[in-house]
Amino acid sequence: MNSTGISSGSQAHSVSMLAAHDYLPPEALRLSGKYRNQVMNVSPRTMGNLNLASQTQDGVVHYMPHGAGNQWLSVVGSKGESYLRAHLAREDKKAIRDTLRTQAPNMDRTYASGRTAATLQGGNCQEFADLAYTMLAARGSSAPVSSAMYRNDHVLVMIGDPRESNKTAMVDAWQHIPVATLLSNTALNPNELVVKKQYNSRQGDPDAQYALSGITPVPKNVIEQRMAKQGFHGVGSALVKDLAEGLKEQHQLLYDVRTLAADPGMRYNDGQVVKSFDSMRSDQLTKKIDSINQYSGLVSRQPGLYGPSKGL
C-alpha cells in the first residue's frame, strides 16, 4: 500500500484475470461516490456487441502496449515512450499510407492510420480509434461499426446503432482502464457524438485485412535514435520532466482520462451470462496501478508542473 491507498506489486508475480474495480477505488478513476455494482439486463445481441468491444480493446492494447502519447498516465508509466511513439506515428502516417497504396490504390486513410499506429506502437485517440476501426472492419461485424468524434476533441469507435445508447458498445483503448461499456453507462452526451464513418458488413474488408498484415513494430532503440535527432531525451525520467516543462511553457495540457465508464463494475445479464468488462491480466493491471501511483507522486511533489490536465 502506498500514499495513494492503492495496492500494487503484489499481483505482479502471477498472471490471472482481475477486475479493476476490485483493486482501484472510485477516486483513483476520477469517479465520485461508491461503485454501484448494478446489473443491467441486455439482449444477447447487445452482449455480443460488448464482447466484441472488449476483444477489440484487448487487441489494440496488444498492438500499443505503451499507451497514449497525450495521456499523462501513459507518458509517466512508459517514461515518455508513449509520447515519442505517438509523435513518430503522426510523422510517418503519410509515408505508410503511400506505401500501402502501391498495392491497394483505394486504401482507406483510416486503415492506413491503423497500420501506422500498430507499426509505431503509438498514437493519440485518433490512432487508437483508427486501429480499432480497422480491426473491426477486417473481421466484419453483424452490427454497425462507427468511428465518431466527441465534442470535436475525442475520437472513439462504437458497435451498434448510435441512436440506441443502451445497446451501443463503446470501443476506446485510449482510456487508461479500457472498460468495454455501453454508451448509456458513460458520462458522454450522445447528442455530441458525431459519426464520421461507418462500416456495415458481416464480411471483412480485404483492404483492412491487408493493412494489418505483416506488421513489424519499430523497436525502442530506433524510436530513440530518430527522436534524438529532434532534440529529445531517450526514454526515462529526464524525458518526462522535459516534456512536462515544454508543455507548461507552451500552455498545453495532456489528458487524464482514466475510464469512460460511469460504473466500471456494471454487470450485464443476457439471460445466460452475467459479466462485467473491466477485467484484465494481473500484470497489466499492476502496471496501470503503478502508473497512477507514479503520477500521483509527481503531482504531489510538483503540482504546478504535472498537475494541470484536461478531461473530455
Just how far is it from atom [atom1] of [X] to atom [atom2] of [Y], taken to the nearest 0.5 Å?
{"X": "His154", "Y": "Gln126", "atom1": "NE2", "atom2": "CD", "answer": "10.5 Å"}
{"X": "Arg30", "Y": "Arg258", "atom1": "CZ", "atom2": "CZ", "answer": "3.5 Å"}
{"X": "Leu73", "Y": "Ser78", "atom1": "CG", "atom2": "OG", "answer": "10.5 Å"}
{"X": "Trp174", "Y": "Asn70", "atom1": "CH2", "atom2": "CG", "answer": "5.5 Å"}
{"X": "Gln284", "Y": "Asp58", "atom1": "CD", "atom2": "CG", "answer": "7.0 Å"}
{"X": "Lys288", "Y": "His176", "atom1": "NZ", "atom2": "NE2", "answer": "5.0 Å"}

- Query: Are a donor atom and an acceptor atom from the side chains of Asp256 and Tyr295 found within less than 3.5 Å of each other?
  - Reply: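 No pair is found: no donor N or O on one side chain lies under 3.5 Å from an acceptor on the other.
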
- Consider only side-chain N and O atoms of Lys167 and Thr46, and report whether a donor and an acceptor are under 3.5 Å apart.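 No, Thr46 and Lys167 have no side-chain donor paired with an acceptor closer than 3.5 Å.
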
[X] vs [Y] side-chain heavy atoms within contact, under 4.5 Å:
{"X": "Met170", "Y": "Met158", "value": "yes"}
{"X": "Tyr306", "Y": "Lys248", "value": "no"}
{"X": "Thr56", "Y": "Val157", "value": "no"}
{"X": "Glu245", "Y": "Asp242", "value": "yes"}
{"X": "Tyr255", "Y": "Asn124", "value": "no"}
{"X": "Leu88", "Y": "Val218", "value": "no"}
{"X": "Asn200", "Y": "Pro144", "value": "yes"}
{"X": "Ser282", "Y": "Leu18", "value": "yes"}

- Message: Once side chain to side chain donor-acceptor pair (under 3.5 Å) is applied, what residue pairs with a partner in residues 227-238 remain, sequence neighbours excluded?
- Response: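 Side chain to side chain donor-acceptor pair (under 3.5 Å) check on residues 227-238 returns His87-Gln230, Glu91-Gln230.
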
So if you build clusters from Ile, Leu, Val, Met, Phe, Trp, Tyr with side-chain heavy-atom gaps below 4.5 Å, do [X] and [Y] land together?
{"X": "Ile223", "Y": "Leu243", "value": "yes"}
{"X": "Trp72", "Y": "Ile292", "value": "yes"}
{"X": "Phe128", "Y": "Leu212", "value": "yes"}
{"X": "Leu193", "Y": "Leu312", "value": "yes"}

Determine the minimum heavy-atom distance between [X] and [Y], stating which atoms define it.
{"X": "Val195", "Y": "Pro162", "answer": "CG2-CG, 4.0 Å"}
{"X": "Leu100", "Y": "Arg115", "answer": "CD2-CD, 3.6 Å"}
{"X": "Pro178", "Y": "Met280", "answer": "CD-CE, 3.9 Å"}
{"X": "Thr134", "Y": "Asp130", "answer": "OG1-O, 2.7 Å"}
{"X": "Tyr111", "Y": "Ala211", "answer": "O-CB, 3.7 Å"}
{"X": "Ala53", "Y": "Ile159", "answer": "N-CD1, 3.7 Å"}

- In a check of side-chain contact (heavy atoms from CB on, under 4.5 Å) between Tyr150 and each of Thr186, Leu260, Val194, Asn189, which one passes?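 When Thr186, Leu260, Val194, Asn189 are each tested with Tyr150, the side-chain contact (heavy atoms from CB on, under 4.5 Å) holds only for Asn189.
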
Hey, is the main chain of [Y] close enough, under 3.5 Å, to the side chain of [X] for a donor-acceptor pair?
{"X": "Thr168", "Y": "Asp161", "result": "yes"}
{"X": "Tyr133", "Y": "Tyr199", "result": "yes"}
{"X": "Glu224", "Y": "Val235", "result": "yes"}
{"X": "Gln198", "Y": "Ser146", "result": "no"}
{"X": "Gln71", "Y": "Ala68", "result": "no"}
{"X": "Ser147", "Y": "Lys196", "result": "no"}
{"X": "Ser300", "Y": "Gly297", "result": "yes"}
{"X": "Gln252", "Y": "Leu247", "result": "no"}

- Steps toward side chain to side chain contact (heavy atoms under 4.5 Å, CB included) verdict (Gln121, Glu81): CA-CA 10 Å; Gln121 293 188 321; Glu81 187 169 356; 5.6 Å; no

- Task: Determine, stepwise, if the pair Asn185 / Val179 fulfils side chain to side chain contact (heavy atoms under 4.5 Å, CB included).
- Result: CA-CA 11 Å; Asn185 184 37; Val179 180; over 6 Å; no

Heavy atoms of other groups near [X] [atom1], more than 12 under 6.0 Å:
{"X": "Arg109", "atom1": "CZ", "value": "no"}
{"X": "Asn41", "atom1": "CG", "value": "yes"}
{"X": "Gln250", "atom1": "CD", "value": "yes"}

- Query: With a 4.0 Å cut-off, would you call Arg281 and Asp283 a salt bridge?
  - Reply: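 Salt bridge: yes.
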
- Message: Check Lys94 with Asp98, please: is the shortest side-chain N to carboxylate O separation under 4.0 Å?
- Response: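 Judged by the 4.0 Å cut-off on N to carboxylate O distance, Asp98 and Lys94 do form a salt bridge.
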
- Share the residues that join Phe277 in a hydrophobic cluster, the rule being Ile, Leu, Val, Met, Phe, Trp or Tyr side chains under 4.5 Å apart at the heavy-atom level.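 Members alongside Phe277: Met40, Val42, Met47, Leu50, Leu182, Met266, Tyr268.
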
- Item | Residues that His21 engages under ring-ring contact (aromatic ring centres under 6.0 Å, His included), provided they are two or more places apart |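 Residues passing ring-ring contact (aromatic ring centres under 6.0 Å, His included) with His21: Tyr35.
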
- Might you work through the side chain to side chain contact (heavy atoms under 4.5 Å, CB included) test for Ser309 and Leu254, ending with a clear yes or no? CA-CA 5 Å; Ser309 64; Leu254 294 185; 5.9 Å; no

- Task: Could you check Leu131 against Glu127 for side chain to side chain contact (heavy atoms under 4.5 Å, CB included), going step by step and ending with a plain yes or no?
- Result: CA-CA 6 Å; Leu131 179 54; Glu127 290 73 28; over 6 Å; no

